Structure formats: C-alpha cells, structure tokens
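What follows is a set of notes on a single structure, which appears directly below.
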Amino acid sequence: MQLIAANRCARYRKRILDISQQVGALHIAPAFSCLEAVDAIYNNFLRKTPQGDFKDVFLMSKGHGCMIQYVILEELGFLSKQDLDLYCKSGGILGAHPDYGNPGINASTGSLGHGLGMATGMAYAEKLKNTDVNIYCVLSDGEFQEGSTWEAVMMAANLNLNNLIAVMDCNDFTGLERLSEGHPAFYPLSAKFKAFGWDVLEINGHNTTDLVTAISSQQQRPLMVVAHTIKGKGVSYMENVPIWHYRAPSPDEYKQALIELEGQFNAQ
C-alpha cells in the first residue's frame, strides 16, 4: 500500500508543480502538506454510486490546499486537463479555492472556520435520512483559531455524529507564522478533542498506512485524526519555509523539484 501510494503522491506533486509554471502564484506548500491525507481519503474511502458519482462526501475545509483535490479529480475524470490548464485564468472554472458547483466540489471553502460547520450539518442530515453516508473533512490547523470551528466540534459530539471523520493537517504553520510559537496554548491537541467528546488519533500525516488505519478505526463518536505534517513536503527547499505558502517556483527551482521528485518514485 505504502509504495503504491508514494508513487501516486509523487505523481500528484509533479502535476501541481507543472501547473505552477503556468501561473504567478499558487498555494503549493499547503497542498503538499495535506497531499497524503487527501489521497488516502479519495483512494481508500470514498465509495461511488452505480452512476459513478461519489456516495460519500469529501469537503476540503482547507480551501487553500485545493490543488491536490483538483489533480485527484482530474485523474478520476471529474475535471479535464483543460480545466487544470486554465487554473486561475480567464475562461477557466478553477480558482485558488474550491467553488461549489464545479465537478466533484461539495462546498465553497477557503474562508477558514466554515468547513467543519458545513461538514457537521451534512453529517447530521445523513443521520436524519438514516443513510450510511460518511462525511470526510480535511482542515488546516490554523482553522482551529476560529471559534466557529470549536462550536462545530462541540455540536458534532452533541449529535453523536460517528459518520463524521475529520483530518487536521497539522503542519504547525498559519500562513507565515509557526502555530506552536504564536499560539502555544493550542497544544496539547488530543486532550482537547477528547474533552469535547471526540475520538482522536495522532499520526504521521505523510504515512498512508497510518492514515488509512486511523481513518478506518471503529468509532462510536466523531473522529479527529491529527495528522502531523511538513509544510511543502517532498521538495527540500520548500519544507517549512514560509514563502512557499504563496509563490510558484522559478524555472530553475521547478527543475530542481522535478529531480527530487524523480528520486521518490519506487524509493519506499
């Protein structure tokens, strides 16, 4: 599992790097940190209907990490190559954050602090309809500075939404600031989610085996998977360097990144 996923994720990183050469800036490092988590959900958990649509729901609360969602939706046939080639360009449908109504996108996100509330509402609706649909939500750690996120955490526990699985991309950055330095009271994490009535697991967010095991763990309550990650994971000069939250690589930087990614294929 790990080798197949590692090759797939290296391919996704290369595709995002290719797109980075078509636009002046994109949120490349935030996409790279949550890349394995989004890949694990799409390729291991989202069930499809006979019509080919998704039965389960994925919500990218961390809207600025949407490049990984776009490239996976391209590979699965929901988006076309042209859609991604026109990313953030006139005539294109894809912007810097997901827009509801585009193929495969279940909510407009990126205004941080809204995603978990929407996911909680979706999960509760499925409970009321007595379905077996699961709601998967990927969040940034920075979103937990928003009170609305904690309100959703509390409400999901109040409603016993064991069909809600959230993954926190815990890369310890909020834009340009280390979360652990600017907001040390954010920690410890597991104790907080347990106190709010959630099941919680802390794992290596770049290990697909750990992700799949955690996400599939039996739950009687909503589940929070705290995935510890590295911002810009996969390209050495991007890792934990704040400027890569925003900018695109130069042609020379792009070539260096491709060399590094090439070494990751079949390396695990």
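Just so it is clear, the model here is predicted, and its values are computed rather than measured.
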- [ ] I would like to know whether Thr213 and Asp210 meet side-chain hydrogen bond (donor to acceptor under 3.5 Å, both in side chains); could you show each step before the answer?
- [x] CA-CA 5 Å; Thr213 300; Asp210 289 353; 5.7 Å; no

What pair of heavy atoms forms the shortest contact from [X] to [Y], and how long is it?
| X | Y | answer |
| --- | --- | --- |
| Ala248 | Ser20 | CB-O, 3.4 Å |
| Gly95 | Cys66 | O-SG, 4.1 Å |
| Gly113 | Thr149 | CA-OG1, 3.5 Å |
| Leu116 | Leu139 | CB-CD2, 3.7 Å |
| Ser90 | Leu86 | O-CD2, 4.4 Å |
| Gly205 | Ala227 | CA-CB, 3.6 Å |

If only atom types and distance count, is the side chain of [X] paired as donor or acceptor with the main-chain N or O of [Y] below 3.5 Å?
| X | Y | answer |
| --- | --- | --- |
| Asn102 | Leu94 | no |
| Lys14 | Ala10 | no |
| Lys62 | Gly110 | no |
| His27 | Gly65 | no |
| Glu260 | Ser236 | yes |
| Asp169 | Ser140 | no |
| Glu239 | Gly234 | yes |

The residue among Val200, Leu161, Asp199 that forms side-chain contact (heavy atoms from CB on, under 4.5 Å) with Leu223 is Asp199

Rounded distance (nearest 0.5 Å) linking atom [atom1] of [X] with atom [atom2] of [Y]:
| X | Y | atom1 | atom2 | result |
| --- | --- | --- | --- | --- |
| Leu84 | Lys89 | CG | NZ | 11.0 Å |
| Lys231 | Trp244 | NZ | CH2 | 13.0 Å |
| Asn162 | Trp198 | CG | CH2 | 11.5 Å |
| Ile105 | Tyr70 | CD1 | OH | 6.0 Å |
| Arg221 | Leu164 | CZ | CG | 13.0 Å |
| Leu46 | Asp53 | CG | CG | 12.0 Å |

Item to complete: Take Ile28 and Met67, measure what side-chain contact (heavy atoms from CB on, under 4.5 Å) needs, and give me the verdict at the end.
Response: CA-CA 7 Å; Ile28 191 167; Met67 290 307 305; over 6 Å; no

Using a cut-off of 6.0 Å, state whether more than 12 heavy atoms not belonging to [X] lie near its atom [atom1].
| X | atom1 | value |
| --- | --- | --- |
| Gln82 | CD | no |
| Gln22 | CD | yes |
| Lys194 | NZ | no |

Can [X] and [Y] be counted as an ion pair, charged N to O under 4.0 angstrom?
| X | Y | result |
| --- | --- | --- |
| Asp39 | Arg13 | no |
| Arg8 | Glu75 | no |
| Arg247 | Glu253 | yes |

4.5 Å side-chain heavy-atom contact, Ile16 and Phe32:
yes

Kindly indicate whether the side chain of Ile72, heavy atoms from C-beta on, has any atom under 4.5 Å from the side chain of Phe78.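 In short, these two side chains do not touch, never coming nearer than 4.5 Å.
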
Note to self: Checking His228 against His206 for the side-chain contact (heavy atoms from CB on, under 4.5 Å) test, could you report, in this order, the C-alpha distance in whole Å, the side-chain angles of both residues, the deciding distance, and whether it holds?
What the structure shows: CA-CA 8 Å; His228 292 281; His206 297 300; over 6 Å; no

Only residue of Asn171, Asp141, Asp172 satisfying side chain to side chain donor-acceptor pair (under 3.5 Å) with Ser33 is Asn171

Tyr42 and Gln69: side-chain hydrogen bond (donor to acceptor under 3.5 Å, both in side chains), yes or no, with the steps? CA-CA 9 Å; Tyr42 268 101; Gln69 185 180 22; 3.1 Å; yes

- request: Test Thr49 against Gln51 for side-chain hydrogen bond (donor to acceptor under 3.5 Å, both in side chains), laying out the working first.
  value: CA-CA 5 Å; Thr49 67; Gln51 293 75 33; 3.3 Å; yes

Applying ring-ring contact (aromatic ring centres under 6.0 Å, His included) to Tyr254 and not counting sequence neighbours gives none

If two hydrophobic side chains count as joined below 4.5 Å and joins carry through other members, does [X] share a cluster with [Y]?
| X | Y | value |
| --- | --- | --- |
| Ile41 | Val57 | no |
| Ile203 | Phe186 | no |
| Trp150 | Tyr124 | yes |
| Val212 | Tyr136 | yes |

Is there a side-chain contact (heavy atoms from CB on, under 4.5 Å) between Cys34 and Met60 once you walk through the steps?
CA-CA 10 Å; Cys34 66; Met60 190 76 181; 3.6 Å; yes

Would Tyr12 and Val38 count as a side-chain contact (heavy atoms from CB on, under 4.5 Å) here? Give the steps.
CA-CA 11 Å; Tyr12 293 155; Val38 178; over 6 Å; no

Taking it one step at a time, do Thr208 and Glu36 satisfy side-chain hydrogen bond (donor to acceptor under 3.5 Å, both in side chains)?
CA-CA 6 Å; Thr208 297; Glu36 280 80 9; over 6 Å; no

Check your understanding: Residues in side-chain hydrogen bond (donor to acceptor under 3.5 Å, both in side chains) with Ser61, at least two apart?
Key ->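 Scan of Ser61 (side-chain hydrogen bond (donor to acceptor under 3.5 Å, both in side chains), adjacent residues dropped) gives Glu143.
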
